Engineer: 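Take this structure, written in structure tokens, and hold onto it; I'll ask about it next.
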Amino acid sequence: MESLKDASQKLKSSVKNSISLSAGADLFLRFVTRTSHDVTNFEACKEHLMNSGKVLVEKAAAVREKIGDLGVQFIKDDATILIHSYSRVVMLLLQRAAACKKRFKVYVTESRPSCLGIRATKLLCKAGIPATVIYDTAVGYIIDKVDAVFVGAEGVVENGGLINAIGTYQLAVVAKAANKPFYAVIESYKFVRLFPLNQYDLPTHTPDLLTFPDLEHHTDLSEDEIIGNYEAINPSVDYTPPDYITLLCTDLGVLTPSGVSDELIKLYL
Amino acid sequence: MDPVKKTAKELKAERRALQERQRAEKAARAAGNAAVPAKKPASGSGASTTVGSTSATSTTATPLSETAGSTKTTDSKQRHSLTKEINSKQVDMFSHLEITKGANTGLAPKEIHPAILVLGLQFSEFKICGANARCIAALTAFQKVIQDYKTPEGMGNAIRHLKWEISTIDIEMSDDEAKKLLCEKIDNFIRDSITVADRVIVEYGLQKIQDGDVILTYARSSVVQQLLLEAHTKGIKFKVIIIDSRPRLEGKKLLNCLVNAGINCTYAFLHAVGFAMRDVSKVFLGAHAFMSNGALYSRVGTAMVAMMAKEKNIPVIICCETYKFTDKVQLDSFVMNEQGNPNDIVNISTTLAPKPGLLSEWLNKPDLKLLNLLYDLTPSKYITTVITEVGMIPCTSVPVILREYKPMVQ
């Protein structure tokens with residue numbers, strides 16, 4: 001058990017954005033500790049662990065299909081959807097909706113600095129769905145033309161809030177102000193036992209983020225150097241409080257943010 | 001004048017006259033009721049003085065000398081006339097809530113165990129303050145009652161109708177065993193649901209206190225006090241702002257405790273909370289009870305502090321043991337509350353020596369009423385998180401905890 005814990009710690013610390021990773025690892029540890037009571041000798045135990053690991057991996061892939069089926073009901077015919085960055089679940093959901101012969105358009109935020117929104121647009125156009133890239137800063141401009149917002153997530157926290165690529169919180173606030181529904185589409189293994197009080201209570205938040213430069217040397221730097229500097233000290237994920245989320249489509253069903261806590265408590269009981 | 005208007009006016013006058021008559025009747029009835037108990041025999045009041053002087057180890061009330069008994073009766077007569085006055089000065093909107101008229105142990109039936117009488121006295125004079133302390137004191141008193149209990153003749157089956165812990169005990173068990181078991185159960189309850197729970201809550205709470213935090217708290221919660229002391233012991237550098245309110249001034253005790261431990265503290269009254277909130281990073285509050293709709297029932301003034309914090313987007317963290325969760329639902333502070341003695345508001349001193357203020361003649365002023373509410377309700381939207389011994393949960397998950405951890409025993 002100790003070596004398992006150490007291994008998961010190592011994994012978590014090696015990857016930069018380890019929230020979904022830590023969620024999965026914690027869940028696996030939990031699953032293993034609960035089911036290993038009935039196994040007697042060590043060899044059988046080892047085999048049991050390997051099998052449960054394989055089962056979890058297989059389940060993870062199948063889970064997205066299930067979410068796709070559930071989420072399709074929220075995309076109405078002739079709708080305009082707004083999505084943020086690139087998420088495999090959201091992609092699957094949109095492709096499933098297109099396969100159901102629904103006609104809709106998609107606005108995709110550019111999502112700097114990763115620019116994953118461009119990849120998403122390419123995939124959608126290939127699937128025959130009209131999609132276009134908008135600036136992250138143009139979200140307020142376009143929100144009144146949009147019918148619904150869909151996002152994926154790195155993790156869902158205990159109160160039903162989301163941790164996702166930077167810009168999600170902004171998008172949620174704008175959607176709420178414009179009275180548009182904000183749906184999160186997420187696999188249940190991403191439920192994580194964190195309870196952030198605000199943005200600065202996230203494990204990804206360090207004191208180095210968004211610091212001010214040394215004014216004496218700043219004037220000597222070239223534009224490229226400045227860009228390099230500020231890209232390093234900007235956050236890559238943010239936290240969206242549950243008040244801004246309308247519903248979460250998971251493989252456990254369509255939940256409200258307070259329902260997430262219910263599921264987590266049952267899981268970790 | 002228009003005939004329709006005239007009749008409306010007449011009706012209104014009639015209704016008003018009827019209301020006045022009903023109000024006068026009600027006042028007369030209340031006065032009549034207060035007058036009757038004053039005639040109770042001296043032996044009843046004799047028991048109360050015994051309770052006051054001894055440590056309540058004796059179960060038999062010794063009859064007192066005639067002189068002591070007579071002084072007590074005059075005292076109680078005075079108290080009854082005062083009660084009558086206070087009754088007619090009840091605020092109408094809160095007339096459904098009983099005012100705690102101060103301990104009148106002369107009215108207590110003789111069958112009540114002295115330990116419970118002592119408890120009642122201590123509660124009414126706020127000698128024991130705070131939800132946890134009251135709970136522990138009550139349970140300890142019940143333990144004494146159980147230890148001194150003797151099964152009444154031929155009523156062995158009556159035990160089965162007592163509360164559920166007692167009713168689940170095997171009827172074959174002997175009295176001694178049953179008593180030992182019950183006392184043990186009470187000890188376990190205190191240990192598991194309060195003492196150990198508090199330690200677990202402190203562990204979770206430490207995760208949320210970092211260097212440089214400015215923490216605001218209201219009145220005095222025993223769990224929050226433990227948490228702040230523990231955080232200081234761990235070497236975390238933080239400041240505390242204590243908000244206090246009249247007439248209880250419970251925050252003073254917390255201030256004493258924290259300052260003695262070496263924590264940097266600021267002390268302010270409730271009316272300054274908007275100003276004090278400017279530099280605050282987190283708010284920690286205690287609870288008296290937690291409703292199933294996620295609403296917090298706590299010391300009066302808590303709701304104001306929580307609302308002010310939410311307005312400035314400051315996280316509000318409640319520290320609450322799960323035994324305080326109830327499956328009741330409450331939407332406002334009116335339907336269930338407690339009224340304290342209105343005379344407490346008259347004293348404006350901040351030290352032990354009482355100093356009457358402008359309100360000292362309030363009983364003589366016909367249209368003036370004093371209201372001393374003890375608790376209020378904080379709606380769930382002002383609460384960020386609740387720290388319990390089962391973890392940090394959003395306040396909407398209180399019924400989930402009740403469902404999973406405390407199934408109803410039928």
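Since we're looking at a predicted model, the values are computed, not measured. Hydrogens, waters and symmetry mates play no part in the numbers below; they use all other heavy atoms, side chains included. Chain identifiers are assigned alphabetically (A, B, ...) following the order of the sequence lines, protein sequences preceding nucleic acid strands; residue numbering begins at 1 within each chain.
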Engineer: Heavy-atom distances under 4.5 Å only: say whether A/Asn198 touches chain B with side chain, backbone, both or neither.
Structural biologist: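 The side chain, not the backbone.
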Engineer: Check each atom of B/Pro394 against the heavy atoms of chain A and say whether the ones under 4.5 Å are side chain, backbone, both or neither.
Structural biologist: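 Both parts, heavy atoms under 4.5 Å.
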Engineer: Do the charged groups of A/Asp243 and B/Lys381 touch, with an N to O distance under 4.0 Å?
Structural biologist: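 Salt bridge between A/Asp243 and B/Lys381, a charged N being under 4.0 Å from a carboxylate O: no.
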Engineer: Is it the backbone or the side chain of B/Thr396 that comes under 4.5 Å from a heavy atom of chain A, or both, or neither?
Structural biologist: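 Only the side chain of B/Thr396 comes within 4.5 Å of chain A.
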Engineer: With a sphere of 6.0 Å drawn around CD of A/Gln170, does it hold more than 12 non-hydrogen atoms of other residues, nucleotides or ligands?
Structural biologist: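 Open.
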Engineer: Using a cut-off of 6.0 Å, state whether more than 12 heavy atoms not belonging to B/Glu311 lie near its atom CD.
Structural biologist: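 For B/Glu311, atom CD is not crowded (no more than 12 foreign heavy atoms under 6.0 Å).
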Engineer: Sort out for me which of B/Ser397, B/Cys395, B/Pro399 touches chain A most, counting heavy-atom pairs under 4.5 Å.
Structural biologist: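 Max contact count across the listed options: B/Ser397.
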Engineer: Quick one: of A/Ser258, A/Pro241, A/Gly160, A/Pro242, who has the most non-hydrogen atom pairs under 4.5 Å with chain B?
Structural biologist: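 When all of A/Ser258, A/Pro241, A/Gly160, A/Pro242 are compared, A/Ser258 has the most.
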Engineer: Flag yes if more than 12 heavy atoms outside B/Arg191 fall under 6.0 Å of its CZ atom; otherwise flag no.
Structural biologist: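 Counting other residues, nucleotides and ligands, CZ of B/Arg191 exceeds 12 neighbours.
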Engineer: Which residues in residues 204-217 of chain B have a heavy atom less than 4.5 Å from any heavy atom of chain A?
Structural biologist: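 When heavy atoms of chain A are the reference, residues 204-217 of chain B contributes B/Lys208, B/Gln210 within the under-4.5 Å range.
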Engineer: A side-chain contact here means heavy atoms from C-beta on lying under 4.5 Å apart; do B/Ile317 and A/Leu197 qualify?
Structural biologist: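 Yes, close enough: below the 4.5 Å cut-off.
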Engineer: Inspect the surroundings of NZ in B/Lys310 and state if more than 12 heavy atoms from other residues, nucleotides or ligands are less than 6.0 Å away.
Structural biologist: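 Result for NZ/B/Lys310: enclosed.
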Engineer: Any idea which heavy atoms bring A/Phe195 and B/Ile393 closest together, and the distance?
Structural biologist: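 In this case the closest contact between A/Phe195 and B/Ile393 is CE1-C, 3.4 Å.
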Engineer: Over all heavy atoms of both residues, which pair between A/Glu158 and B/Met392 is shortest? Give the atoms and the distance, please.
Structural biologist: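 Looks like OE1-O, 2.8 Å.
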Engineer: Need one label for A/Pro196: side chain, backbone, both or neither, based on atoms under 4.5 Å from any heavy atom in chain B.
Structural biologist: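 Looking at A/Pro196, just its backbone touches chain B.
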